[in-house]
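Quick note on labels: first sequence line is chain A, next is B, and so on, each numbered from 1.
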There are 2 protein chains.
Amino acid sequence: MALDHAILVSLLEKPGSGYELARRFERSIGYFWTATHQQIYRVLKRMESDGWIDVREVPQQSRPDKKEYSVAALGRTVLAEWLHEPIEPESVRHELAVKIRGAAFDDPAALIREVERHHHKHTERLAHYLAGERRDFTGPDAPEALDTGEELQHVVLRGGIAYERMTIAWLEDVLATLRRLGTAP
Amino acid sequence: MALDHAILVSLLEKPGSGYELARRFERSIGYFWTATHQQIYRVLKRMESDGWIDVREVPQQSRPDKKEYSVAALGRTVLAEWLHEPIEPESVRHELAVKIRGAAFDDPAALIREVERHHHKHTERLAHYLAGERRDFTGPDAPEALDTGEELQHVVLRGGIAYERMTIAWLEDVLATLRRLGTAP
DNA sequence: CTTGTTTATGCAACTCGTTGCATAGAAGGA
DNA sequence: TCCTTCTATGCAACGAGTTGCATAAACAAG
């Protein structure tokens, strides 16, 4: 049930509507936790009826009205409790790795295109992360001294950057292996 | 539905029972795809009734009888089709990262223990992967020339090793950051 | 001789996540 | 004017994954 907690953290960083949260889950939060707007609206509704968060109807001009959510006292308590519980390291789900091992029973060379496509996507994602890092943390427009929240956001972003770099290097290893198997069977 | 395909790949590598598959999902396959025995038995039953796999009742002495599954022609076709479909890069789910950003609204120093615990677990996992690599691929008892299947298993394992090394280095970065925030608030 | 462990299989209930669809106001372009 | 896009919210159905429980044979330890 970490979606609940991811939403609480995001609302603590800045209150917002379901729509805005969905936007954030495509950006910064989405780097380490994904969710669709359906999930978000459902969870917001439940957390509101459980008193974890408060709603405020915000009328708007030139666009539909929205409901702005913010974390209630109870929500803060729930989050604090969760923060003190131990969690297990993530269980891995890597579909591409299944395909790579499966390729032994098909044509390994046929996977090259697909792996190249993943390599391209991860390269784009890395560039995106690095741009965000320069914008918010290391560039000339970034604040000189970071507060606790910014320091923690930065270290999480560094994790995303490290992950993408590692993945790109591994995909190059995979490509070299597939090409070697193709030329010398 | 990649569990179906992960099971097909595993059964192609070597036929086996649901119980044996569950064991493999705690070992090599579990490095990139996890599943409990409940999931496995359910999927095996469905794939068998759909004609993707064949069953053979194997009576045993000194332990209960088992059902040994192997991939049928239809299963091979289904797998081949899936191998030629493009897939999207995995959506990330990193609970610890949620906690790290959440720590800004609690006590960052309280997370140090938890991060150390994760560091320890990943170090163990890395040692386990490296032992497996020496045993099967690079050590003196490993085959001198690897076939296609072994080459692909090795490159997937190298991915797991790279992932653990990257994670360990990042967790050290996280620890340094948390300690810095604790001493100079 | 009872208790616990390993091998072996499975049901039922539940929660979480995905997909498709629906609505609706305002803005902007063809 | 119509069609698409963006903001904004939501229902319904389905599929995937988790948790708890149950059974049963064989063996090993106390």
Side-chain angles (χ1 to χ4, degrees), chain A residues 1-8 11 15-27 29-30 32-50 53 55-69 82 87-95 98, chain B residues 1-8 11 15-27 29-30 32-50 53 55-69 82 87-95 98:
Chain A
M1 271 213 297
L3 177 56
D4 302 33
H5 306 112
I7 289 176
L8 287 174
L11 288 178
S17 66
Y19 189 82
E20 284 161 0
L21 282 169
R23 285 284 101 92
R24 294 184 212 170
F25 273 85
E26 287 170 5
R27 295 182 65 264
I29 314 166
F32 54 92
W33 204 270
T34 51
T36 62
H37 78 276
Q38 308 292 355
Q39 271 179 280
I40 292 165
Y41 283 122
R42 207 195 294 155
V43 170
L44 283 173
K45 181 160 280 190
R46 194 189 67 229
M47 293 201 295
E48 199 243 309
S49 78
D50 290 351
I53 55 178
V55 207
R56 197 169 60 91
E57 289 269 349
V58 180
Q60 296 186 116
Q61 292 97 24
S62 85
R63 59 187 62 179
D65 297 353
K66 65 176 182 180
K67 298 181 183 174
E68 195 182 74
Y69 293 92
W82 176 74
I87 50 172
E88 286 312 297
E90 302 301 309
S91 54
V92 186
R93 290 278 156 93
H94 206 312
E95 218 172 340
V98 180
Chain B
M1 273 212 295
L3 177 55
D4 302 32
H5 306 112
I7 289 176
L8 286 175
L11 288 179
S17 68
Y19 189 83
E20 283 161 1
L21 282 168
R23 283 286 103 89
R24 294 185 212 170
F25 273 85
E26 287 170 6
R27 294 181 64 266
I29 314 167
F32 54 92
W33 204 269
T34 51
T36 62
H37 78 275
Q38 308 293 354
Q39 273 179 281
I40 292 165
Y41 282 121
R42 208 195 294 152
V43 170
L44 283 173
K45 180 160 280 190
R46 195 189 66 230
M47 292 201 295
E48 199 243 306
S49 78
D50 290 352
I53 54 179
V55 209
R56 198 168 59 92
E57 290 270 349
V58 179
Q60 296 186 114
Q61 292 97 25
S62 86
R63 59 187 60 178
D65 296 353
K66 66 175 181 178
K67 298 181 182 174
E68 196 183 75
Y69 293 92
W82 176 74
I87 50 172
E88 285 311 297
E90 301 301 308
S91 54
V92 187
R93 290 277 157 92
H94 206 313
E95 217 171 340
V98 180

Q: Apply side-chain contact (heavy atoms from CB on, under 4.5 Å) to the pair Ile29(A) and Ile7(A), showing each step before the final yes or no.
A: CA-CA 9 Å; Ile29(A) 314 166; Ile7(A) 289 176; over 6 Å; no
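- Comparing atom distances between the Arg93(A) side chain and each of dG17(D), dT9(D), dG10(C) picks out dG17(D) as nearest.
- Between Arg63(A) and Arg42(A), the residue anchored closer to the 5' end of DNA chain C is Arg42(A), taking for each the nucleotide with the nearest heavy atom.
- Between Lys45(B) atom NZ and dT9(C) atom P there is a gap of 11 Å when expressed in whole angstrom units.
- Taking 4.0 angstrom as the limit, Thr36(B) places none of its side-chain polar atoms (N or O) nearer than this to OP1 or OP2 of dT19(D).
- Heavy-atom nearest nucleotides on DNA chain C were determined for His37(B) and for Ser91(B), and the one closer to the 5' end corresponds to His37(B).
- To the nearest angstrom, P of dA8(C) lies 6 Å from NZ of Lys66(B).
- One can place OH of Tyr41(B) at 19 Å from P of dT19(D), the figure rounded to the nearest angstrom.
- Side-chain to base pairing of Gln60(A) with dG25(C): no donor and acceptor N or O lie closer than 3.5 Å to each other.
- Within the structure, every side-chain polar atom (N or O) of Tyr19(A) is placed at least 4.0 Å from both OP1 and OP2 of dT9(D).
- One can place OH of Tyr69(A) at 7 Å from P of dT9(D), the figure rounded to the nearest angstrom.
- Taking 3.5 Å as the limit, the base of dG17(D) and the side chain of Gln38(B) contain no donor-acceptor pair of atoms between them.
- Distance, Ile40(A) CD1 to dC16(C) P: 15 Å, rounded to whole Å.
- The pair Glu48(A)-Lys67(A) fails the salt-bridge criterion, with no side-chain N (NZ, NE, NH1 or NH2) lying under 4.0 Å from an Asp/Glu carboxylate O.
- Note: CD (Glu95(A)) to C1' (dA16(D)) measures 13 Å, nearest angstrom.
- The side chain of Lys67(B) lies closest to dT9(C) when the candidates are dT9(C), dT9(D), dG17(C).
- Ion pairing of Glu26(B) with Arg23(B) is present here, as a side-chain N (NZ or NE/NH1/NH2) and a carboxylate O approach within less than 4.0 Å.
- Of the listed residues (Glu95(A), His94(A), Arg93(A)), just one forms a side chain to side chain contact (heavy atoms under 4.5 Å, CB included) with Phe32(B), and that residue is His94(A).
- In this entry the distance linking CD of Glu57(B) with P of dA8(C) reads 13 Å, nearest Å.
- Shortest non-hydrogen contact noted between Leu11(B) and Tyr69(B) is CD2-O, 3.6 Å.
- Distance Glu20(B) CD to dT6(C) P: 17 Å, rounded to the nearest Å.
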